[in-house]
Amino acid sequence: CGGYTEDASVLWDVDIPPLKGVVCNFCKDSPHFSWQEVISIKEIENKLGKAGREIERIKDITILNRNKSGRVINLKIISLKGDLIISAKDFRNIIGPNLIRSTNFKLFRINNDVVFAGLGWGHGVGLCQWGSYFMAKEGYKYTEILKYYYPQTELSLIPR
């Protein structure tokens with residue numbers, strides 16, 4: 001999750017207390033906690049073009065806003081053909097979710113490349129897999145882990 005799980009209502013039509021997002025201080029030792037990717041402006045232009053986004057010669061890419069978990073909501077891409085406002089979720093899917101591993105990133109341009117430096121891998125909603133792994137290694141019981149990542153829930157046995 002990169003330190004904070006995402007509120008499900010940001011991505012989907014789900015707005016319930018257990019999926020509002022929590023601070024996660026357990027996943028910082030994950031091999032996927034932080035990442036960096038360098039992508040050429042040309043590759044970004046090509047992928048956006050193939051996805052039907054009309055741009056021509058990108059001049060700049062900026063982050064417009066972030067949500068409470070630190071993830072990017074929207075990007076502004078300035079090109080010779082005009083400005084394109086695109087959600088970070090759509091941008092990530094177009095460029096590739098294995099390149100842009102989450103929407104929790106910073107970016108800066110170096111010549112004809114854009115450097116993306118981010119936290120976490122995936123959409124970030126719900127249980128942080130690495131956080132729960134490290135919680136278990138610290139001795140937390142599965143019930144404690146589930147209650148941590150899904151607050152305001154009640155665990156119960158389902159009769160057979």
Kindly work out whether a path of hydrophobic side-chain contacts (I/L/V/M/F/W/Y, heavy atoms less than 4.5 Å apart) joins I78 to I63. no
Residue of the set Y148, Y149, Y133, F134 for which ring-ring contact (aromatic ring centres under 6.0 Å, His included) holds with F26: Y148
Quick one: do I55 and L99 end up in the same hydrophobic cluster if we chain Ile, Leu, Val, Met, Phe, Trp and Tyr together by side-chain heavy atoms under 4.5 Å apart? yes
Could you check whether any side-chain heavy atom of S9 comes within less than 4.5 Å of a side-chain heavy atom of K20, counting everything from C-beta outward? yes
For T153, all residues meeting side chain to side chain donor-acceptor pair (under 3.5 Å), sequence neighbours excluded: none
Which atom pair, heavy atoms only, marks the closest approach of Q152 to P17? OE1-CB, 3.4 Å
Nearest heavy-atom pair of N104 and W35: which atoms, and what distance? O-CZ2, 4.4 Å
Any heavy-atom pair between the side chains of F91 and I77 that's under 4.5 Å? yes
Are side-chain heavy atoms of S132 and Y142 found at a separation under 4.5 Å? no
Taking all heavy atoms of T5 and all of C128, pick out the closest pair and write down the distance. CG2-CB, 4.4 Å
Is it true that, when you exclude E37 itself, more than 12 heavy atoms of the residues, nucleotides or ligands shown sit nearer than 6.0 Å to its CD? yes
Mind checking the CD1-CZ spacing from I44 to R53? Nearest 0.5 Å is all I need. 14.0 Å
Under 3.5 Å, is there a donor-acceptor pair between the side chain of N65 and the main chain of N74? yes
Taking the side chain as every heavy atom from C-beta outward, state whether L64 and L75 have any pair of such atoms under 4.5 Å apart. no
Taking atom types as modelled, is there a side-chain donor on E6 or N67 under 3.5 Å from an acceptor on the other? yes
Do I95 and F108 belong to the same hydrophobic cluster, where Ile, Leu, Val, Met, Phe, Trp and Tyr are linked whenever their side-chain heavy atoms lie under 4.5 Å apart, directly or via other members? no
Grouping I, L, V, M, F, W and Y whenever their side-chain heavy atoms are under 4.5 Å apart, do L48 and V114 come out in a common cluster? yes
Output for pair (H123 NE2, S102 OG), nearest 0.5 Å, gives 11.5 Å
Could you check whether any side-chain N or O of R109 sits under 3.5 Å from a backbone N or O of K59, counting only pairs where one atom can act as donor and the other as acceptor? yes
Please tell me if the side chains of E45 and K42 come closer than 4.5 Å, counting only heavy atoms from C-beta onward. yes
Looking at R71 and Y4, would you say the former's side chain and the latter's main chain have a donor-acceptor pair under 3.5 Å? yes
For side-chain contact (heavy atoms from CB on, under 4.5 Å), just list the numbers for L127 and I145, CA-CA rounded to whole Å, side-chain angles, deciding distance to a tenth of an Å, and then say yes or no. CA-CA 9 Å; L127 181 128; I145 295 169; 4.2 Å; yes
Heavy-atom count check: over 12 atoms from other residues, nucleotides or ligands less than 6.0 Å from E54 CD? no
Check whether any side-chain heavy atom of I94 lies under 4.5 Å from a side-chain heavy atom of I86, and answer yes or no. yes
Partner residues of K76 under the salt bridge (charged side-chain N to carboxylate O under 4.0 Å, His left out) criterion, sequence neighbours left out: D83
Close side-chain approach of L11 and K89, heavy atoms under 4.5 Å: yes
Could you state the interatomic distance from CD (E138) to CD (E144), rounded to the nearest 0.5 Å? 11.0 Å
Derivation and outcome, side-chain contact (heavy atoms from CB on, under 4.5 Å), residues W121 and N98: CA-CA 8 Å; W121 193 334; N98 289 332; 3.3 Å; yes
Kindly say whether A117 contributes a backbone atom to a donor-acceptor pair with the side chain of K106 at under 3.5 angstrom? no
A side-chain contact here means heavy atoms from C-beta on lying under 4.5 Å apart; do F105 and L119 qualify? no
Side chain of R101, backbone of G120: donor and acceptor closer than 3.5 Å? no
Checking side-chain contact (heavy atoms from CB on, under 4.5 Å) for the pair V38/I110: CA distance, chi angles, key distance, verdict? CA-CA 9 Å; V38 179; I110 300 177; over 6 Å; no
L84 and I100: same hydrophobic cluster, using ILVMFWY side-chain contacts below 4.5 Å? yes
W130 and C24: CA distance, side-chain angles, deciding distance, side-chain contact (heavy atoms from CB on, under 4.5 Å) verdict: CA-CA 10 Å; W130 281 99; C24 176; over 6 Å; no
